[in-house]
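Naming: A, B, ... by sequence-line order, numbering from 1 per chain.
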Number of protein chains: 2
Amino acid sequence: MRNKERMSDELVKSFSALADPTRLAIVERLMAEGELPAGDIVAGVDITAPAISRHLKVLRDAGLIRQRAEGTKRIYSADARGLRRIADWTLSRRIYWDSQFDRLAAAIDLEGGPDA
Amino acid sequence: MRNKERMSDELVKSFSALADPTRLAIVERLMAEGELPAGDIVAGVDITAPAISRHLKVLRDAGLIRQRAEGTKRIYSADARGLRRIADWTLSRRIYWDSQFDRLAAAIDLEGGPDA
DNA sequence: ATGCTAATTAACGGAAGTGTTAAATTTTGG
DNA sequence: CCAAAATTTAACACTTCCGTTAATTAGCAT
């Protein structure tokens, strides 16, 4: 029972991490470009390095990005774990939002379904 | 171009709405039970009605729940639109987080892919 | 050691989020 | 109309979030 609550907390943390336009943009860019040093992420955004640094920490704590060191540089890349957590949750409710099912069917299926 | 930014904003709004344990729980419960009056949502949570009322407003503004009136009651139900927005985004990056693809393939495919 | 570059942490101010209690709104029923 | 019930809105306190500038840490080169 505690496990379920922990998962929910992790999920909330993932959502929180993406609930900011700057952070969402960072994740999108890392997914598109593979990996980037912190400096490259700062360039092209009009906020300062310390702010970005903390955004990166938030994303890292949420498991959405990873970091590796290379000299004085910190190279960041997207981490599938965090995104997969969101995907798992979303897909487990597919029956609800997928238009080929109606809401009633969704309610019935969820009752004794993936969450049980 | 402006359209894309708007979409991104909507997505951030959806994530923000779910970035709170109380609101996530409300959405989950509505998906599971179909529809509930505000009073039933208040009962079973240890926060007051006004707080819940504002949480419901946040979820409604994000397109995650819907409201209909019945007497003095306000009946809420999950709204697939908001969830589908998250699902669309997540699935459009499936190539990135799905373990059957590696990161390089994801980068290549995203470059001229679903986002173009 | 010194200096240079890259990045993070510290300290702080302002904006936004979350909860409470009290008041207002809306609808129903006598 | 008056009163009760269900919700929402108003006003307020408190905490968290987000950005800035200044200071610190860490690696590399001379």
ask   = How close or far is atom P of D:dT8 from atom NZ of B:K73, stated in whole angstroms?
value = 13 Å

query = Rounded to the Å, how far apart are B:R68 CZ and C:dT27 P?
reply = 15 Å

request  = Starting from P on C:dA7, measure out to CD1 on A:I26 and report it in whole angstrom.
outcome  = 13 Å

message = Within the 4.5 Å heavy-atom criterion, are B:L91 and A:T90 side-chain neighbours or not?
response = no

query = Mind checking whether B:V45 and B:L64 sit in one hydrophobic cluster, side chains of I, L, V, M, F, W, Y counted as touching below 4.5 Å?
reply = yes

message = If you compare every side-chain N and O of A:Y76 against the phosphate oxygens of C:dT8 (OP1, OP2), does one of them come in below 4.0 Å?
response = yes

request  = In whole angstrom, give the distance that lies between atom CD1 of A:I52 and atom C1' of C:dT8.
outcome  = 13 Å

task = Return the set of residues passing side chain to side chain contact (heavy atoms under 4.5 Å, CB included) with A:R60 (not counting sequence neighbours), or none when no residue passes.
result = A:I65, A:Q67, A:Y76

Any donor-acceptor N/O pair, B:R68 side chain to B:I75 backbone, under 3.5 Å = no

key: Euclidean distance, atom CG of residue B:L59 to atom P of C:dG17 [Å, nearest integer]   = 14 Å

remark   = For residues 44-59 of chain B, the side-chain hydrogen bond (donor to acceptor under 3.5 Å, both in side chains) pairs (sequence neighbours left out) are B:R23-B:H55

Between the protein and nucleotides 17-26 of chain D, which nitrogen or oxygen pairs come in under 3.5 angstrom?
residue	atom	partner	partner atom	Å
D:dC18	OP1	A:D20	OD2	3.3
D:dC18	OP2	A:R23	NH1	3.2
D:dG19	OP2	A:H55	NE2	2.5
D:dG19	N7	A:R54	NH2	2.5
D:dT20	OP2	A:T48	N	2.9
D:dT20	OP2	A:T48	OG1	2.5

ask   = Under 4.0 Å between a side-chain N/O of A:Q67 and OP1 or OP2 of C:dA7, yes or no?
value = no

request  = Would you kindly give the CG-to-P distance between A:D61 and C:dT8, to the nearest whole Å?
outcome  = 12 Å

Approximate separation, where rounding is to 0.5 Å, of A:I86 CD1 and A:L18 CG = 4.5 Å

query = Expressed in angstrom and rounded to an integer, what is the separation of A:L36 atom CG from C:dA6 atom P?
reply = 15 Å

key: Interatomic distance, B:L56 CG vs C:dT18 C1' [rounded to whole Å]   = 14 Å

